[in-house]
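For reference, the structure is listed below as structure tokens.
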Amino acid sequence: MHLYDVELTARLLLGTAQYPSPAILAEAVRVSETQVVTVSLRREAAGERQGEGFWSLIRSLGVRVLPNTAGCHSVAEAVTTAQMAREVFGTPWIKLEVIGENDSLCPDVFGLVEAARILTEEGFAVFPYTTEDLVVAERLLAAGCRVLMPWGAPIGTGRGLNNPYGLRSLRAHFPDVPLIIDAGLGLPSQAARAMELGYDAVLLNTAVAKSGDPVAMARAFAQAVAAGRQAYEADPMEPRDMAAPSTPVLGQAVLG
């Protein structure tokens with residue numbers, strides 16, 4: 001999988017918020033075999049000493065950092081946060097969030113497209129948190145994005161894939177664009193389903209961090225993502241309306 005000319009072998013991306021302890025976070029990252037973790041500059045660096053310790057932990061994990069603009073509600077806010085994150089982490093990668101509605105944390109897709117245009121012109125590699133809307137996807141690609149990250153469901157809900165039809169349509173319309181399901185997954189089976197639809201990766205946080213055993217759940221999601229991808233590559237059968245016998249009847253005895 002290539003994301004902005006960076007080759008990755010792992011198709012599970014992990015968030016780093018809400019874990020019970022730094023040690024559990026580090027072990028969850030290790031067992032997941034992820035190569036990319038997301039971090040929120042605004043959320044994690046609230047205190048200077050706490051922030052320094054967190055950055056030290058992230059650097060020790062040996063993974064690529066994808067900073068995000070979580071909590072931003074305007075274009076100006078998101079752009080400024082992205083610029084600060086580039087200075088802190090030394091990476092042009094940015095997961096772009098522009099939130100438009102507080103209850104659902106639905107993206108403000110109009111602001112998202114504008115912020116994406118500004119940041120790509122400044123040399124950022126933008127990973128936009130978006131909906132499954134095809135027109136919005138077209139606008140984001142025209143703004144310079146080379147990866148799209150549609151939600152499965154609202155952030156932190158664990159509802160899975162709310163709109164399989166829309167997600168399937170997005171995959172069919174943009175077969176050559178890396179697509180990553182971002183947000184809303186709660187179970188490994190939901191991640192496997194996303195991969196079976198042909199998505200390139202999944203990004204999740206709450207489903208692992210807030211589970212009873214984050215380390216075990218991280219391992220389970222990694223296995224589910226791998227299984228879902230293998231199933232997609234194996235070209236699964238299409239659903240049928242009628243039954244079809246799996247055992248041939250030719251040559252069997254017929255009782256009169």
Side-chain angles (χ1 to χ4, degrees), residues 1-17 25-39 58 61-68 91 93-96 125-130 132 137 140-141 145-153 155 158-164 166-168 170-209 211 214-236:
M1 174 177 67
H2 286 83
L3 302 178
Y4 285 101
D5 300 323
V6 174
E7 184 175 2
L8 301 171
T9 56
R11 295 179 181 271
L12 173 62
L13 289 67
L14 277 185
T16 55
L25 165 60
E27 184 63 8
V29 169
R30 186 188 68 81
V31 302
S32 73
E33 299 183 353
T34 185
Q35 294 171 296
V36 177
V37 298
T38 64
V39 296
I58 294 300
L61 297 177
V63 293
R64 180 175 289 271
V65 173
L66 175 60
N68 66 51
T91 176
W93 280 24
I94 192 72
K95 177 190 170 188
L96 181 60
V126 178
F127 293 68
Y129 162 64
T130 183
E132 67 275 20
L140 288 168
L141 294 173
C145 297
R146 291 163 53 191
V147 174
L148 299 175
M149 301 180 69
W151 62 354
I155 294 171
R159 296 181 59 86
L161 307 181
N162 271 358
N163 185 6
L167 294 171
R168 189 181 297 110
L170 191 68
R171 176 73 286 175
H173 277 74
F174 305 103
D176 300 321
V177 176
L179 299 179
I180 301 172
I181 292 292
D182 176 18
L185 301 183
L187 293 170
S189 58
Q190 297 164 351
R193 179 58 180 145
M195 301 304 292
E196 290 166 355
L197 290 176
Y199 277 71
D200 296 280
V202 300
L203 192 161
L204 51 94
N205 187 167
T206 309
V208 171
S211 67
V215 174
M217 190 61 77
R219 183 182 291 109
F221 267 102
Q223 293 168 345
V225 167
R229 182 65 185 184
Q230 290 171 11
Y232 171 73
E233 292 176 343
D235 191 16

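Contact detail for D182 and K95: the closest heavy-atom pair is OD2-CE, 2.8 Å. For the pair A218 and A28, the tightest heavy-atom approach, listed with the atom from each and the gap, is CB-O, 3.5 Å. The minimum heavy-atom distance linking A224 with P188 is given by the pair CB-O, 3.2 Å.
A donor-acceptor contact shorter than 3.5 Å links the side chain of Q35 to the backbone of A10. At distances below 3.5 Å, at least one donor-acceptor pair connects side-chain atoms of R171 with backbone N or O atoms of G198. Between the side chain of T130 and the main chain of P150, no donor-acceptor pair closer than 3.5 Å is present. Looking at Q190, its side chain does come within 3.5 Å of a backbone N or O of L187 through a donor-acceptor pair. Y199 contributes a side-chain N or O that, together with a main-chain N or O of L167, makes up a donor-acceptor pair within less than 3.5 Å. In this structure a side-chain-to-backbone donor-acceptor pair under 3.5 Å is missing from N162 to A153.
Taken to the nearest 0.5 Å, the OG1 atom of T16 stands 4.5 Å off from the CD1 atom of I58. Distance check, rounded to the nearest 0.5 Å: CG of L12 to CZ of R229 gives 14.0 Å.
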Could you walk me through whether F127 and Y4 satisfy the ring-ring contact (aromatic ring centres under 6.0 Å, His included) test, starting with their C-alpha distance in whole Å, then the side-chain angles of each, then the deciding distance to 0.1 Å, before giving a yes or no? CA-CA 10 Å; F127 293 68; Y4 285 101; 5.2 Å; yes
